[in-house]
Chemist: 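The structure follows.
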Amino acid sequence: MENYNPSSIEKKWQDIWDEKGTFYASNDSDKEKFYSLIEFPYPSGKGLHVGHPRPYTALDVVSRKRRLEGYNVLYPIGWDAFGLPTENYAIKNQIHPRIVTEKNVAKFKEQLKSLGFSFDWSREINTTDPEYYKWTQWIFLKLFEKGLAYKKEVPINWCTDCKVGLANEEVVNGVCERCNGEVVQKVKNQWMLKITEYAEKLIKDLDLVDYIDRVKIQQKNWVGRSEGMEVDFEIAGKGEKLRVFTTRPDTLFGATYMVISPEHPMIKEYASDINNMDDIENYKIEAGKKSDFERTELNKDKTGVEIDGLKAVNPVTGKEIPIWVSDYVLMSYGTGAIMSVPAHDTRDWEFAKKFNLPIVEVVKGGDVDKEAFVDISTGVMTNSDFLDGLKVEDAKKKISDWLEEKKLGERKINYKLRDWVFSRQRYWGEPIPLVYCEKCGWVPVPEEELPITLPEVEKYEPSETGESPLANIRDWVETTCPKCGGHGERETDTMPQWAGSSWYFLRYTDPNNSEALASEEALKYWLPIDWYNGGMEHTTLHLLYSRFWHKFLYDIGVVNVPEPYQKRTSHGMILGENNEKMSKSRGNVVNPDEIIEEFGADTLRVYEMFIGDFEKSVPWSNNGVKGCRRFLDRVWRLQDILEDGDNYSKELESNMHKTIKKVTEDYESLKFNTAIAALMSLINDFNSNKKVNKAEMKTFLILLNPVAPHITEEMWTLLGYQGMLNEANWPEFDEDKTVDDEIEMAVQVNGKVRGKIIIPVDADKNIANEKAMADDNIKKFIEGKNIVKEIFIPGKIYNIVVK
RNA sequence: GCCGAAGUGGUGGAAUUGGCAGACGCGCCGGACUCAAAAUCCGGUGGUAGCGAUACCGUAUGGGUUCGAGUCCCAUCUUCGGCACCA
């Protein structure tokens, strides 16, 4: 027999699968459907690295297994191709981003094909294809129509040297990444999407889906629901109110000052009453240089300015209290103003200590001279008039009722989640299909005019005024108003990269439809996605954005299920051999092409699945790859010890059933590493018996097929089995045959293992005791002592406690 | 800082979810084959003591709960992901 030679085998089978359309999914099938999804890649210029195939292989394993189990499986692939790196590369090299994208996609495609994934390539999509983004624009129009898109002044990072708006990522240590120029916040009028309108549903409907816990928790915390009160504080002598949001209305008697955000509108409104306007203006400029992240950092030094000339009145104590301006209060959360209760809030406490503001204890239980007392479960109210003596929870209710009755405030639910800034001043994104008309305002482009395609431009750099490069193409910008026919101008901002990826999974169901984003039947048949795997880093943005869009489409009747993804799992990163993140600058990037060249795609696939816990990050190891190749060599050589036999041999029968069970279950629960370990053990058994019969071999090949599809197909053919392996049936196991008649049980004395006994599985304590007492070592530890207690857990442990 | 995870031999990891810690792989050591090497095959491999049976120690650190803790609780340290214009 020839040696195992993956390079010839793998190409051969990839071509056969392609020619036969083996993995094409049908929209019209009697079989039960299974839709498995991986996050479609961003085709970067660097090509695939070994991190990409990890999740792809994992769901390929699941998809292939499902096909063997008789499902109609959709496992699609596409390109999330709008984005910053391509645009920056285009700017630098003066190449059209479309050309760059085409080149990158071709490279990625070739690489993915060489890995033998069972993608349905007939459904390949690309977010930059006008036939695709037509529908991205269409969804935006629907959002606009339903009032979920609106314009708002939002600060952007502005490089004062390049005169360009920058992504957060492009701002490094407060300066521009490219030119080290100063970066300031510049306010722009931008399109926003009201994701906050869906905040409640985005939390609540997590109950409908099967996501790993940490994804659910992180999404919940990101949406950040908190129940509290909005309370009005009168501005002394003005008769007007300053409204705050608080989750601790119970501590109202302890509010000794107020803090407003530097951007709060009341500063402008009362400018003539404020004596230190210069200080406040300067403070605002300084605050503008910081990100929200820097501003709200808990352990940073607190800064602030007291407003000289205005006071507020605590509605319950009637006392006049000062109003401060500080950057730790954000305009984007709550009302942009807070009541400060230094005794019971850590940040307020630090602020009060620094500026010598009064700290009044209103909840007993801690020492507010030393630190803020924030525990709400044990405290009892004090210094709070009619709340005194109540527990915090009761006080909350009482004061909330009281405030509502007196019309001084109202119960309110707040979310940390902020609306989605949807505008980018960039070229390489979907044009926003709106026209501005002096008379009619913002008017949507009629649906039949979609897609609004990207015009050709000479430079891809944003314009010097901060507009997108599209603004310079006057004959594109200038148009007629679809409503009144008068002069109109197109929106020149483009959509963020997130737009195209917020609905791509719908397009896969019917990728060539020109009448709708997908047909009703296709959506109905395939949705929801049965299994979606992706990185944890997408939990709070992509995953939430796409759920939001899907829910919107559900509300307007486009899709028929409220949640897009039934199940969500997550993979860990693959690090370099030095245990650091793979990157060019660290010089630790491993290119999958080289691994395939030297060891074969099947080896790479087995290794990526065997490397470790799928959900954790792991360092790459070239030696580990070699070990997996050795395993496949041993698989190949099984042909040397093959014997006839249509049933499992006596000595291996129980093992075969156990392995089928283990592999079947482990593939489902992402424990590919232990599934492969079980297959390795089985092959070790074959080898120590120096034989394997046909029935055993057949089962083994099917079990291994999802991970190593090429070698198993080849061996299947060489062994003369009917048809192709991908048409075979997944093996079944007999539960009874996975259970041994006799088991070895550890016997402990005082919790330490002192011996082992062999007993029938269903043996009781008496039998165990009898066997245990026959063991010299156990006897030694019991002799001369009293048996206080015996714990016998059938099938697990026998523990004798002595004194 | 805030939110979410993780920490087990020389090394990647396993451990039926509270029941024999170290499956499987890598590396290393020894042996077979070979003139030799590679490949392959066989055996060994957490530490300490002992010829051995075996004993003691051992799952980031310090406490705790339990007959029994890698697993549960409290505190601490370290590493990783996210923090809203990277994807």
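Note that the structure is predicted; figures quoted are calculated from it, not measured. Naming: A, B, ... by sequence-line order, numbering from 1 per chain.
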Chemist: Does this structure show an ion pair linking A/K188 with A/E467, if we count only N-O contacts that are shorter than 4.0 Å?
Modeler: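 Looking at A/K188 and A/E467, the cut-off is met.
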
Chemist: Has A/N673 got a side-chain N or O lying under 4.0 Å from the OP1 or OP2 atom of B/rA14?
Modeler: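 So the side chain of A/N673 is within the cut-off, an N or O lying under 4.0 Å from OP1 or OP2 of B/rA14.
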
Chemist: Looking only at heavy atoms, which two atoms of A/A746 and A/V753 are closest? And how far apart?
Modeler: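 Closest approach of A/A746 to A/V753: CB-CG1, 4.1 Å.
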
Chemist: Decide, yes or no, whether a salt bridge links A/E491 with A/K151 under the criterion of side-chain N to carboxylate O below 4.0 Å.
Modeler: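 Yes, this pair counts.
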
Chemist: Would you mind checking if A/E615 and A/R214 are paired as a salt bridge, meaning a charged N to carboxylate O distance below 4.0 Å?
Modeler: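 Salt bridge: yes.
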
Chemist: Looking only at N and O atoms, is any donor in the side chain of A/K756 or the base of B/rC20 less than 3.5 Å from an acceptor on the other one?
Modeler: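 Between B/rC20 and A/K756, which were checked side chain against base, a qualifying N/O pair under 3.5 Å is present.
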
Chemist: Which of the following nucleotides, B/rG12, B/rA15, B/rG7, is nearest to the side chain of A/K616?
Modeler: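 Out of B/rG12, B/rA15, B/rG7, the nucleotide with an atom closest to A/K616's side chain is B/rG7.
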
Chemist: Is any side-chain N or O of A/R634 closer than 4.0 Å to OP1 or OP2 of B/rC24?
Modeler: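 No, outside the criterion.
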
Chemist: Taking NZ, NE, NH1 and NH2 as the nitrogens, is one of them in A/K661 or A/E668 under 4.0 Å from a carboxylate oxygen of the other?
Modeler: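 No salt bridge links A/K661 with A/E668.
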
Chemist: Establish, with yes or no, whether the OP1 or OP2 oxygen of B/rC67 is under 4.0 angstrom from a side-chain nitrogen or oxygen of A/N750.
Modeler: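 No.
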
Chemist: Check this for me, if you would: do A/R629 and A/E598 make a salt bridge, where the nitrogen-to-carboxylate-oxygen distance has to be below 4.0 angstrom?
Modeler: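 Looking at A/R629 and A/E598, the cut-off is not met.
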
Chemist: Quick one about A/S468 and A/D493 (side-chain donor to acceptor, distance below 3.5 Å, no hydrogens or angles considered), yes or no?
Modeler: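 No, no side-chain donor-acceptor contact under 3.5 Å.
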
Chemist: When the nearest nucleotide of RNA chain B is assigned to A/I217 and to A/Y607 on a heavy-atom basis, which residue is associated with the more 5' position?
Modeler: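 Taking each residue's closest nucleotide, the earlier one in sequence belongs to A/I217.
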
Chemist: Salt bridge check: are A/K302 and A/E350 linked by an N-O gap of less than 4.0 Å?
Modeler: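 Salt bridge: yes.
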
Chemist: Give every pair of a protein N or O atom and an N or O atom of nucleotides 54-63 of chain B that lie under 3.5 Å apart, one pair per line with the distance.
Modeler:
| from | atom 1 | to | atom 2 | distance (Å) |
| --- | --- | --- | --- | --- |
| B/rA55 | OP1 | A/R754 | NH1 | 3.2 |
| B/rA55 | OP1 | A/N777 | ND2 | 3.2 |
| B/rC56 | OP1 | A/R754 | NH2 | 3.2 |
| B/rC56 | OP2 | A/R754 | NH1 | 3.0 |
| B/rC57 | OP2 | A/K752 | NZ | 2.9 |

Chemist: Got a minute to check which stems RNA chain B is part of, using Watson-Crick or G-U wobble pairs under 3.5 Å, three or more consecutive?
Modeler: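 When the pairs of RNA chain B are grouped into runs of at least three, the stems are B:1-7 with B:77-83, B:10-12 with B:24-26, B:27-32 with B:40-45, B:46-49 with B:54-57, B:60-64 with B:72-76.
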
Chemist: Check if the side chain of A/N799 and the base of B/rC67 share a donor-acceptor pair of N or O atoms closer than 3.5 Å.
Modeler: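 Side chain to base: pair found, below 3.5 Å.
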
Chemist: Syn or anti for B/rG9, taking syn as within 90° of 0?
Modeler: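 That one's syn.
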
Chemist: I'd like the P distance from B/rC73 over to B/rC57, given in whole Å.
Modeler: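 Comparing P positions in B/rC57 and B/rC73 gives a spacing of 26 Å.
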
Chemist: Would you mind building the protein contact string for nucleotides 82-87 of chain B? One character per nucleotide, 5' to 3', B for base within reach (heavy atoms under 4.0 Å), S for sugar-phosphate only, - for untouched.
Modeler: SBBBBB

